[in-house]
There are 2 protein chains.
Amino acid sequence: MHSEPDVAASRPVARRGRESETSKSALTRERILNAAAIVLNRNGYAGTRLSDIAAIAELQAPAIYYHFASRDELIQEVVQVGLRRTMNHVRKSLDALGPGARPMERILTAVGAHLEIVLRESEFAAAAIRNAAQLPPAIRDVQLLDQRRYGALWRTLVTEGIAEGEVSGDLDPWAARMLVIGALNWAPEWWREERGTLEDIVHTARLLVRQGLSPG
Amino acid sequence: MHSEPDVAASRPVARRGRESETSKSALTRERILNAAAIVLNRNGYAGTRLSDIAAIAELQAPAIYYHFASRDELIQEVVQVGLRRTMNHVRKSLDALGPGARPMERILTAVGAHLEIVLRESEFAAAAIRNAAQLPPAIRDVQLLDQRRYGALWRTLVTEGIAEGEVSGDLDPWAARMLVIGALNWAPEWWREERGTLEDIVHTARLLVRQGLSPG
DNA sequence: CCTACGATCTAATCTTCGTAAGAAAAAGGA
DNA sequence: TCCTTTTTCTTACGAAGATTAGATCGTAGG
């Protein structure tokens, strides 16, 4: 996650290589980014107005241009952060399992991690996932690489499951994977904290996926 | 925008209650509606421009106003048609089963029907489903009734399944239902005809759902 | 204090879009 | 042919929104 597109030239504030710049008013940058994630999540790509972002970030719209070269660059960064956080969270959860874990256990871990980040951890993740299809080509192309990476992660999980006989070979692996991920990705559309704890959802999702994928 | 004091007055063509006006140039109206579904599906609510719709429908943007009172009314109709077609198609498929069908068979039928309409039958259905969350309140409120109806249909299916012991009681019925519907609703994001027949997807989805919902 | 710079604001520009109003064209009687 | 009704186009306005330019404010360093 160190390579950034070469937009640096057009940005007033030069890219300082450090990550997580805690000091300064790069905090403002963070505020804008957060606000953008919220708006993007709520209104979609075309409905994301700089004025709305500015209102949430508590500044005037033009001030955004001090931190980002353009609206699209801002949105692109939101989406990128979202996808990367998702992948990192799922990866970390899998790593925590250790190497001895069975394939199905790994799949169920990924299911839980994906739900967690999409529903609770990160507005970014939800924004990135839900708007992927509506982004303009320029942004989508940049995303594609990360998206492929994440897809590959899941493909591996399923493949190993099949290899070890814990996932049914009757299923089309591709369709099965997409359907499962789809069920998780759709969750932000309906889940509200009021209607049940996240843990309950995760529990049900795991049950569903475990039985759904298992060989008859 | 929001004020709608005298919408009817500004519309030359009076509301004729009849459905499916085959004759006349209410065909134009149909063309516009179809075009709107396509654009809405691709670009989301905020990204749906009248000029794009007009381009696809092969007329000038202002001409749309002869057939619809406003942009929002057009979109609202697309979404309404979409949801209703979905519900009708699923209902019809269920009715075709006859009264003797087991609950699980009914659920799997609904799964297939929902996928069919979302992926093949109707651009309207996909547009309605995928944009539900981003619609402005005015439109969403009108939708709510139909949406509730459709939700109730599925709730009944699951409830009967549990009652007859064909669906696991360990699952949170609400979460399980939403996860299943979510998996289906997400399908338009990834499915392309090139990558496999619709029948294959339906087959995998049914397998997944049947095993997923069955009691351990 | 004063100065320089980082950060943000205000005001202005340019574009895109929804929408209004009326003209034109097509279709059809009388 | 002329009038009427239906249907579509043309032109124009006005609002919204992204972006730019220049002014302003606060603060750290001299």
Side-chain angles (χ1 to χ4, degrees), chain A residues 7 9-16 21-33 35-36 39-40 42-78 135-136 138-139, chain B residues 1-16 21-33 35-36 39-40 43-78 135-136 138-139:
Chain A
V7 269
S10 59
R11 189 181 322 150
V13 178
R15 250 266 168 281
R16 9 176 181 36
E21 192 106 7
T22 56
S23 58
K24 288 217 184 185
S25 276
L27 293 173
T28 303
R29 193 188 149 89
E30 212 65 21
R31 278 206 333 272
I32 296 173
L33 217 48
V39 176
L40 181 58
R42 196 167 34 227
N43 298 342
Y45 171 75
T48 297
R49 278 164 279 170
L50 292 185
S51 56
D52 289 347
I53 296 172
I56 296 178
E58 290 179 310
L59 42 69
Q60 301 300 316
I64 293 175
Y65 283 83
Y66 182 75
H67 303 274
F68 298 89
S70 71
R71 172 180 179 273
D72 271 13
E73 190 193 289
L74 168 56
I75 291 177
Q76 125 93 39
E77 184 156 340
V78 168
L135 296 175
I139 299 183
Chain B
M1 248 156 276
H2 305 291
S3 57
E4 66 284 74
D6 48 25
V7 232
S10 62
R11 190 186 320 153
V13 177
R15 253 258 169 288
R16 18 179 177 26
E21 192 106 10
T22 56
S23 57
K24 289 216 183 186
S25 276
L27 294 174
T28 303
R29 192 186 150 91
E30 212 65 22
R31 277 208 333 273
I32 296 173
L33 217 48
V39 177
L40 181 58
N43 297 342
Y45 171 75
T48 297
R49 278 167 268 153
L50 292 186
S51 55
D52 290 347
I53 296 173
I56 296 178
E58 291 178 308
L59 42 71
Q60 303 300 315
I64 293 175
Y65 281 82
Y66 179 74
H67 303 275
F68 298 89
S70 70
R71 173 179 179 273
D72 271 13
E73 190 193 288
L74 168 56
I75 291 178
Q76 124 93 39
E77 184 156 341
V78 169
L135 296 175
I139 298 182

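Every chain is numbered from 1, with letters handed out A, B, ... down the list of sequences. Worth saying up front: this structure is predicted, and the values here are computed from it rather than measured.
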Chemist: Which atom pair, heavy atoms only, marks the closest approach of B:H67 to B:R29?
Modeler: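 Smallest heavy-atom distance, with atoms named: O-NH1, 3.0 Å.
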Chemist: Return the value, rounded to whole Å, for the distance between atom OH of B:Y65 and atom C1' of C:dA23.
Modeler: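 Spelled out: OH on B:Y65 to C1' on C:dA23 is 19 Å.
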Chemist: Whole angstroms only, please: what is the CG-P distance between A:L74 and D:dT19?
Modeler: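 About 10 Å, once rounded to whole Å.
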Chemist: When rounded to the nearest 0.5 angstrom, what distance separates CG in A:D52 from CG in A:L40?
Modeler: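 A:D52 atom CG to A:L40 atom CG measures 12.0 Å (nearest 0.5 Å).
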Chemist: Dump the pairs, protein N or O against N or O of nucleotides 8-17 of chain C, anything under 3.5 Å, distances to one decimal.
Modeler:
unit_1, atom_1, unit_2, atom_2, d
C:dT8, OP1, A:T28, OG1, 3.0
C:dT8, OP2, A:H67, NE2, 2.7
C:dC9, OP2, A:Q60, N, 2.9
C:dC17, OP1, B:R49, NE, 2.9
C:dC17, OP1, B:R49, NH1, 2.9

Chemist: If you look at every heavy atom in A:L59 and A:I64, which pair is closest and at what distance?
Modeler: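 Shortest heavy-atom contact: CD1-CG1, 4.2 Å.
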Chemist: Nearest whole Å is fine: how far is C:dG18 C1' from B:I75 CD1?
Modeler: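 After rounding, the gap between these two atoms is 11 Å.
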Chemist: Just how far, in rounded Å, is P of C:dA20 from CZ of B:F68?
Modeler: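 Taking CZ of B:F68 and P of C:dA20, I get 16 Å after rounding.
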Chemist: Do A:L74 and A:I53 come within less than 4.5 Å of each other through their side chains, counting heavy atoms only?
Modeler: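 A:L74 reaches A:I53 side chain to side chain.
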Chemist: Could you go through B:Y45 and B:I139, starting from their C-alpha distance and side-chain angles, then the distance that decides it, and tell me whether this counts as side chain to side chain contact (heavy atoms under 4.5 Å, CB included)?
Modeler: CA-CA 11 Å; B:Y45 171 75; B:I139 298 182; 4.1 Å; yes
Chemist: Provide the full list of salt bridge (charged side-chain N to carboxylate O under 4.0 Å, His left out) pairs with a residue in residues 61-71 of chain A, sequence neighbours left out, each pair given once.
Modeler: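 Salt bridge (charged side-chain N to carboxylate O under 4.0 Å, His left out) check on residues 61-71 of chain A returns no pairs.
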